[in-house]
Protein chains: 4
Amino acid sequence: MQDPIDSKPRWERRKDARPQELLAAALALFVERGFASTRLEDVAKRAGVSKGTLYLYFENKEELFKAVVRENIVHAIGEAEGGLATDESSVNLLRSILMAWWEKVGSSSSGGLTKLMMTESGNFPELAVFYNEEVVARGNALVARIIERGVARGEFRPVDAALVTNILSAPIIMLMMWNNSYLPCDKKNIDTQAYMAAFIELSLRGLRADGAVAVAAP
Amino acid sequence: MQDPIDSKPRWERRKDARPQELLAAALALFVERGFASTRLEDVAKRAGVSKGTLYLYFENKEELFKAVVRENIVHAIGEAEGGLATDESSVNLLRSILMAWWEKVGSSSSGGLTKLMMTESGNFPELAVFYNEEVVARGNALVARIIERGVARGEFRPVDAALVTNILSAPIIMLMMWNNSYLPCDKKNIDTQAYMAAFIELSLRGLRADGAVAVAAP
Amino acid sequence: MQDPIDSKPRWERRKDARPQELLAAALALFVERGFASTRLEDVAKRAGVSKGTLYLYFENKEELFKAVVRENIVHAIGEAEGGLATDESSVNLLRSILMAWWEKVGSSSSGGLTKLMMTESGNFPELAVFYNEEVVARGNALVARIIERGVARGEFRPVDAALVTNILSAPIIMLMMWNNSYLPCDKKNIDTQAYMAAFIELSLRGLRADGAVAVAAP
Amino acid sequence: MQDPIDSKPRWERRKDARPQELLAAALALFVERGFASTRLEDVAKRAGVSKGTLYLYFENKEELFKAVVRENIVHAIGEAEGGLATDESSVNLLRSILMAWWEKVGSSSSGGLTKLMMTESGNFPELAVFYNEEVVARGNALVARIIERGVARGEFRPVDAALVTNILSAPIIMLMMWNNSYLPCDKKNIDTQAYMAAFIELSLRGLRADGAVAVAAP
DNA sequence: AATGAATGAGGCTTCATTCAT
DNA sequence: TATGAATGAAGCCTCATTCAT
């Protein structure tokens with residue numbers, strides 16, 4: 001009965017996989033339906049186990065929710081911090097970080113988690129603190145740093161970097177929300193590519209130093 | 001025992017006031033707890049009446065919510081639609097409509113309703129339809145009309161009005177969400193006045209026709 | 001302000017009419033919807049008064065129901081007892097009493113009351129006793145007397161009159177029930193005239209003494 | 001701890017028995033109190049389980065009722081449809097189907113269901129549709145087929161089979177109603193055996209072709 | 001006598017959580 | 001470890017009844 005690959009019996013490996021399967025199922029359903037409307041029975045069913053089993057791994061619904069957030073969001077932020085090419089123009093840097101944010105996070109199911117946090121954080125203040133520290137603060141710092149760099153190099157007009165960071169975040173976060181809610185019902189009509197392009201164009205124009213030359217998208 | 005103000009007995013005037021009292025209570029609780037988590041009994045209690053009384057004025061929970069939205073948002077949109085000084089420059093028009101949006105709706109407790117809809121519309125499709133028709137569509141049309149006007153008059157560069165409307169909406173909506181969730185725990189630190197000013201400045205700069213002269217805020 | 005016809009002021013006459021108006025409204029609604037599903041507010045509305053007024057005349061819903069039954073059923077039974085021409089053949093006598101039962105009672109809204117009694121008597125045992133004594137017993141006696149007469153005169157074969165009375169009652173009562181319920185949904189297809197004719201023909205054939213000649217309907 | 005009868009643990013077998021226990025409890029209470037007045041909590045209590053358990057087996061109150069009807073009436077109709085010896089005389093066939101109707105359904109507590117439907121179908125249209133399709137239509141078709149057969153074979157005089165079916169149904173249905181209401185308080189005095197015998201005798205006599213010989217009950 | 005606003009008990013249904021196996 | 005039957009608290013909504021005016 002010993003498994004040849006590792007020293008654990010097959011049945012025990014199964015056990016190790018359980019939490020992951022449950023977290024994946026929970027992520028999908030929480031994103032789709034929100035916290036309150038997600039039934040644990042459905043989570044269990046989607047993970048292929050019984051409702052009771054869920055309670056072997058997570059104390060209750062709230063703890064399951066926290067685990068999902070930890071599993072899916074904190075991890076993503078680190079990667080972004082590492083991958084900045086610093087010899088680019090600030091304009092291109094800002095363009096690429098915003099696009100990456102959308103492409104790596106926003107358009108995946110993690111984008112649903114962002115919406116989820118906006119949505120349900122009110123009912124989980126403790127989670128909100130955690131999320132702010134590990135995700136919001138770090139992500140904002142990343143963007144703000146680029147803006148400050150652009151101002152310092154005369155590429156952007158002088159602006160309050162923190163403020164502009166919030167303003168620049170807003171359309172991307174909204175896109176995630178629109179993508180993960182039934183509001184505007186004509187959301188199908190929102191061309192996310194066009195939206196991102198227009199938003200970036202608008203923002204870079206708004207940011208650029210008055211004497212700066214026009215910037216072409218790559 | 002006659003009331004000196006009007007000829008109605010005190011008790012009958014009570015009836016006239018009831019809907020307003022209930023709407024106020026409902027607004028506060030919906031914003032604080034969300035739609036699903038708000039218990040009608042609490043709404044009634046806050047309005048100083050019993051559970052059953054609520055049903056004398058509103059057919060059910062959804063209708064109560066719609067009434068709250070109508071009272072607080074639809075009404076404001078109507079005023080905005082009427083109050084456009086048409087001999088203004090498009091820049092000033094856009095500036096004033098965005099500021100009004102924030103001041104009349106966003107910064108009041110009505111802003112919480114916007115967050116509420118983003119949050120829970122998925123679980124209440126009927127509400128989503130209602131909100132889209134009465135709020136989103138009308139509000140967007142209002143902004144889009146001004147953008148098109150500005151483009152037509154050469155004040156703005158040529159843009160897709162619907163797209164830009166969505167982009168311009170995003171920061172304001174996000175501000176409402178930030179103001180009504182625990183998320184940025186440093187939300188107290190967001191200076192909404194500065195945020196709105198910076199956002200509008202950024203947007204108008206991004207929109208203005210390349211040959212246009214700088215526009216001073218009034 | 002005195003009314004010339006009688007000495008009561010108009011307003012007081014109104015008061016006298018109230019119970020009748022309420023009873024009429026209650027009859028209609030009880031027949032249409034049954035006891036439990038009839039809302040007193042609807043009764044009041046139909047009578048053109050307010051809900052509170054109803055309680056000035058009837059102690060509660062149950063008393064109203066009893067009053068409706070007393071008002072509408074007991075009265076009808078007396079008339080039938082008086083109107084029997086005794087020199088007819090028993091066959092014709094039976095035929096005419098059954099037809100009268102249907103035409104005078106069954107097909108009117110009183111037929112609905114019969115159904116109502118079958119329906120709701122379980123919840124009003126006291127009413128059931130009353131109804132049995134004043135209506136069922138007296139009505140059955142009427143029919144049984146004719147059957148016994150027919151047997152005694154050799155027109156009918158020897159039968160248990162009480163038993164046959166119940167059997168003969170059944171199709172008529174059922175017709176009232178079918179006419180006052182949604183069951184058989186094809187009730188519109190039941191031609192009550194044909195039903196009564198076929199039922200009487202069947203019964204008289206079944207009853208007639210074996211040697212008797214065929215009896216023509218008048 | 002293994003159960004000697006079958007291999008299932010005692011607790012699991014419980015599940016298999018639950019629906020039957022619940023159906024039995026529901027039948028008893030529906031018959032005793034009617035559909036609307038029966039509280040599901042009482043049904044559950046009578047079956048020895050909690051309110052919530054009931055919903056593990058039946059979607060809602062109406063489905064529970066349908067299940068009761070299927071279990072007790074539809075099932076019986078199916079048997080009757082199958083069990084017709086076709087080489088019998090139509091007279092004997094009709095006699096046996098009517099007796100079976102009474103004995104298998106009418107005189108049992110299932111008879112109360114028939115009364116229930118007459119009583120409350122008006123307030124539960126969905127139930128009425130269900131009952132009409134699954135019970136009334138099928139039951140009537142069964143009887144009508146025999147009548148048509150008898151007419152075709154010259155055993156019965158020519159009659160409208162649908163009409164006669166309704167007439168023949170009436171006394172049996174009435175018997176069920178009498179047996180399940182307080183109405184004829186002397187219902188104890190109704191000898192159902194004698195009633196059925198007399199009714200069948202009367203009907204067969206009324207139906208038989210004029211030239212036919214007398215038919216002896218088996 | 002008449003009104004109609006207000007009440008609150010009661011029923012159906014959902015679902016997170018428990019626990020015997 | 002895994003199961004899934006069972007629980008029961010809680011929420012929405014209805015409507016007979018009351019009572020201040």
Side-chain angles (χ1 to χ4, degrees), chain A residues 11-12 14-16 18 36-45 48-62 64, chain B residues 1-2 8-16 18 36-44 48-62 64, chain C residues 11-12 14-16 18 36-45 48-62 64, chain D residues 1-3 8-18 36-44 48-62 64:
Chain A
W11 178 76
E12 195 173 339
R14 186 82 194 278
K15 171 194 164 191
D16 292 346
R18 277 286 140 76
S37 298
T38 293
R39 284 178 299 150
L40 291 192
E41 179 154 25
D42 291 338
V43 172
K45 198 176 297 171
V49 300
S50 74
K51 203 168 23 166
T53 301
L54 206 155
Y55 281 85
L56 297 176
Y57 297 99
F58 303 97
E59 204 173 322
N60 54 35
K61 196 182 187 181
E62 192 165 329
L64 172 63
Chain B
M1 275 308 168
Q2 289 293 314
K8 291 177 184 175
R10 190 174 301 138
W11 183 71
E12 189 172 343
R13 263 190 299 116
R14 201 72 198 270
K15 182 199 170 186
D16 294 344
R18 274 286 134 75
S37 299
T38 293
R39 288 179 300 141
L40 291 190
E41 184 155 20
D42 291 340
V43 173
V49 299
S50 76
K51 205 175 15 171
T53 299
L54 208 156
Y55 284 87
L56 295 178
Y57 299 97
F58 304 97
E59 211 170 316
N60 55 36
K61 198 181 187 181
E62 292 209 347
L64 172 63
Chain C
W11 177 74
E12 195 172 340
R14 187 81 194 276
K15 172 193 164 189
D16 293 346
R18 276 287 140 74
S37 297
T38 293
R39 284 177 299 149
L40 292 191
E41 179 153 24
D42 291 339
V43 173
K45 199 175 296 172
V49 300
S50 75
K51 204 170 18 166
T53 302
L54 207 155
Y55 281 86
L56 297 177
Y57 296 99
F58 304 96
E59 203 173 324
N60 54 36
K61 197 181 187 181
E62 192 164 328
L64 172 64
Chain D
M1 277 306 170
Q2 289 292 314
D3 186 289
K8 291 176 184 175
R10 190 176 301 140
W11 182 71
E12 189 171 346
R13 263 190 300 115
R14 200 72 197 270
K15 181 200 170 182
D16 294 344
R18 275 286 134 74
S37 300
T38 293
R39 287 180 300 141
L40 291 190
E41 183 154 21
D42 290 340
V43 173
V49 299
S50 76
K51 206 172 14 169
T53 300
L54 207 155
Y55 283 86
L56 296 178
Y57 300 97
F58 304 97
E59 211 170 317
N60 52 39
K61 199 180 186 181
E62 293 209 346
L64 173 62

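Every chain is numbered from 1, with letters handed out A, B, ... down the list of sequences.
- Using the Watson-Crick or G-U wobble rule with both distances under 3.5 Å, E/dA9 pairs with F/dT14.
- Among all heavy-atom pairs drawn from B/Ala36 and B/Lys61, the shortest one is O-NZ, 3.2 Å.
- The interatomic distance linking B/Leu54 (CG) with E/dT7 (P) rounds to 11 Å, in whole Å.
- Between D/Val49 and D/Leu56 there is no side-chain heavy-atom pair separated by less than 4.5 Å.
- C/Tyr57 places its OH atom 13 Å from the C1' atom of E/dT3, with the value rounded to the nearest Å.
- Listed nucleotides: E/dG10, E/dA16, F/dT1. Nearest to the side chain of D/Arg39: E/dG10.
- Looking at which nucleotide of DNA chain F each of A/Gly52 and C/Glu62 is closest to, the 5′-most match is held by A/Gly52.
- Contact annotation: C/Ser50 side-chain N/O to E/dT3 OP1/OP2 distance is under 4.0 Å.
- Nearest heavy-atom pair, D/Tyr55 versus D/Asn60, reported as atom, atom and distance to 0.1 Å: CE2-CA, 4.0 Å.
- Between atom NZ of residue C/Lys45 and atom CZ of residue C/Arg39 there is a gap of 7.0 Å, rounded to the nearest 0.5 Å.
- Put simply, CD on B/Glu59 is 10 Å from P on F/dC13, counting in whole angstrom units.
- Computed from coordinates, the A/Lys61 NZ to E/dT17 P distance equals 8 Å when rounded to whole Å.
- Look at CD on B/Glu41: it is 13 Å from P on F/dC13, rounded to the nearest Å.
- Backbone-only engagement by D/Leu40 is indicated by non-hydrogen atom pairs under 4.0 Å involving sugar-phosphate atoms exclusively.
- With values rounded to the nearest 0.5 angstrom, A/Glu59 atom CD is found 12.5 Å from A/Leu54 atom CG.
- Comparing D/Asn60 and C/Lys51 along DNA chain E, the residue whose closest nucleotide (by nearest heavy atom) sits nearer the 5' end is C/Lys51.
- E/dT17 atom C1' lies 14 Å from atom CG of A/Leu64, rounded to whole Å.
- Residue-level contact check: B/Ser37 touches neither bases nor backbone, having no heavy atom under 4.0 Å from any strand.
- Looking at the side chain of B/Leu56, the nearest of the listed nucleotides E/dT13, E/dT3, E/dA5 is E/dA5.
- Under the Watson-Crick or G-U wobble criterion, with both distances below 3.5 Å, F/dA2 is paired with E/dT21.
- Remark: P of F/dT1 and CZ of A/Arg18 are 11 Å apart, rounded to the nearest angstrom.
- E/dA1 is unpaired under the criterion used here, namely a Watson-Crick or G-U wobble arrangement in which both key atom distances are under 3.5 Å.
- Summary of the strand contacts: A/Tyr55 and C/Thr53 both lie near DNA chain E, and taking for each the nucleotide with the nearest heavy atom, the more 5' one is attributed to C/Thr53.
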